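Here is the structure we will look at, set down as structure tokens.
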Amino acid sequence: CPDTALFIPVQCYDLDQFGYLERHLSSLEYDGLSLPTRNLDPAGIALFLLKFYKMGIRKVHLLSVSNFSGIALAAYCARHLFDWFSIDATTWRKVSEYQDYLHPMDLEKISVRNNVVFDERRPLPCACPWCSRTTFTQIKHLPYTDKTEFLRCHNYFVIESLGRDLYARSANFDSYIQHLRERNQRQARKVGNLIEALTIVHHRKNEPIETLRKVLGGGRL
């Protein structure tokens with residue numbers, strides 16, 4: 001398959017471990033790097049991405065990213081650091097099986113299990129094709145199979161929509177940061193950590209990697 005891009009998986013927790021792999025990459029032909037994010041926080045992911053950027057890597061794929069902070073970081077990097085950038089995760093499917101509805105603003109989970117009581121005056125916060133004709137109460141009373149199918153469609157839609165929206169907004173850094181603060185106030189601490197990492201990436205990306213390693217910290221949750 002000569003037209004299929006080859007991404008080398010970076011199975012590392014920190015840059016010390018990555019150093020061993022980096023020594024062998026120069027003798028390999030590949031198109032980009034794939035990073036399993038595991039338990040890395042935004043600063044840890046940002047440090048790896050800055051290392052890739054300084055190595056001249058132009059294509060990156062992040063595994064297991066479907067939360068607000070991860071998507072916001074990916075949107076910025078896709079816009080400003082790399083030529084090609086992608087993410088994936090199975091969150092849209094897994095949370096659906098647990099009967100959780102993802103809020104389109106920040107991907108906060110809202111349980112729609114049968115024992116949850118909703119105010120009928122509370123409108124759905126989403127205008128996707130699946131939400132436009134129903135209510136929370138109607139969703140929770142669906143048979144499990146139908147409910148899971150509904151949630152899969154909605155959850156996938158809002159994750160993808162968030163990514164597209166944040167990518168469009170990331171062109172201007174200052175307005176992007178302000179939007180992140182305003183959009184996700186329920187996860188203020190996590191968003192604060194994200195903004196701190198993004199600010200370092202934006203203003204200091206050309207500094208030596210060891211300097212960036214010190215200011216970004218260990219980067220583990």
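Bear in mind that the values here come from a model prediction, so they are computed numbers and not experimental data. Here, residue 1 is the first one in the sequence, and each next residue gets the next number.
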Only counting residues at least two apart or in another chain, list the ones meeting ring pair (Phe, Tyr, Trp, His ring centres under 6.0 Å) with [X].
{"X": "Phe118", "result": "Phe136"}
{"X": "Phe85", "result": "Phe82"}
{"X": "Phe48", "result": "none"}
{"X": "His141", "result": "none"}

Counting distance only, does the side-chain N/O of [X] pair as donor-acceptor with the main-chain N or O of [Y] below 3.5 Å?
{"X": "Asn155", "Y": "Asp100", "answer": "yes"}
{"X": "Thr211", "Y": "Glu207", "answer": "no"}
{"X": "Gln138", "Y": "Thr135", "answer": "yes"}
{"X": "Lys54", "Y": "Pro208", "answer": "no"}

Partner set under side chain to side chain contact (heavy atoms under 4.5 Å, CB included) for [X], not counting sequence neighbours:
{"X": "Lys190", "value": "Ser69, Gln187"}
{"X": "Asp119", "value": "Arg121, Arg122"}
{"X": "Ser132", "value": "none"}
{"X": "Leu63", "value": "Ser34, Pro36, His61, Asp88"}

For Tyr176 and Tyr76, take the angle between the two ring planes, folded into 0 to 90°, and tell me which bin it lands in: parallel under 30, tilted 30 to 60, perpendicular over 60.
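Rings of Tyr176 and Tyr76: parallel, under 30°.
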
Please collect all side chain to side chain donor-acceptor pair (under 3.5 Å) contacts where either partner lies in residues 18-31, sequence neighbours excluded, each pair once.
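Listed once each, the pairs are Glu22-Lys51.
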
Suppose we screen for side-chain hydrogen bond (donor to acceptor under 3.5 Å, both in side chains). Which residues come up paired with Tyr101, at least two apart in sequence or across chains?
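Once residues adjacent in sequence are excluded, Tyr101 has no partner under the side-chain hydrogen bond (donor to acceptor under 3.5 Å, both in side chains) criterion.
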
Can you list the residues that meet the side-chain hydrogen bond (donor to acceptor under 3.5 Å, both in side chains) rule with Asp174, with sequence neighbours excluded?
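In terms of side-chain hydrogen bond (donor to acceptor under 3.5 Å, both in side chains), with neighbours along the sequence ignored, Asp174 is linked to no residue.
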
About how many Å separate [atom2] of [Y] and [atom1] of [X], when rounded to the nearest 0.5 Å?
{"X": "Asn114", "Y": "Leu142", "atom1": "CG", "atom2": "CG", "answer": "9.5 Å"}
{"X": "Ser161", "Y": "His154", "atom1": "OG", "atom2": "NE2", "answer": "9.5 Å"}
{"X": "Phe68", "Y": "Leu73", "atom1": "CZ", "atom2": "CG", "answer": "11.5 Å"}

Using the rule side-chain contact (heavy atoms from CB on, under 4.5 Å), only one of Glu108, His103, Met105 pairs with Pro125; which is it?
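Among the candidates, only His103 passes.
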
Centroid separation Trp130 to Tyr156 less than 6.0 Å
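No.
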
Are Leu124 and Ile139 close enough that some pair of their side-chain heavy atoms sits under 4.5 Å apart?
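Touching, per the 4.5 Å side-chain cut-off.
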
Please collect all salt bridge (charged side-chain N to carboxylate O under 4.0 Å, His left out) contacts where either partner lies in residues 132-152, sequence neighbours excluded, each pair once.
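Sorted result for residues 132-152: Glu97-Arg152.
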
Nearest atoms (heavy-atom pairs only) where Leu35 meets Val10
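Looking at all heavy atoms of both residues, the closest pair is CD1-O, 3.9 Å.
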
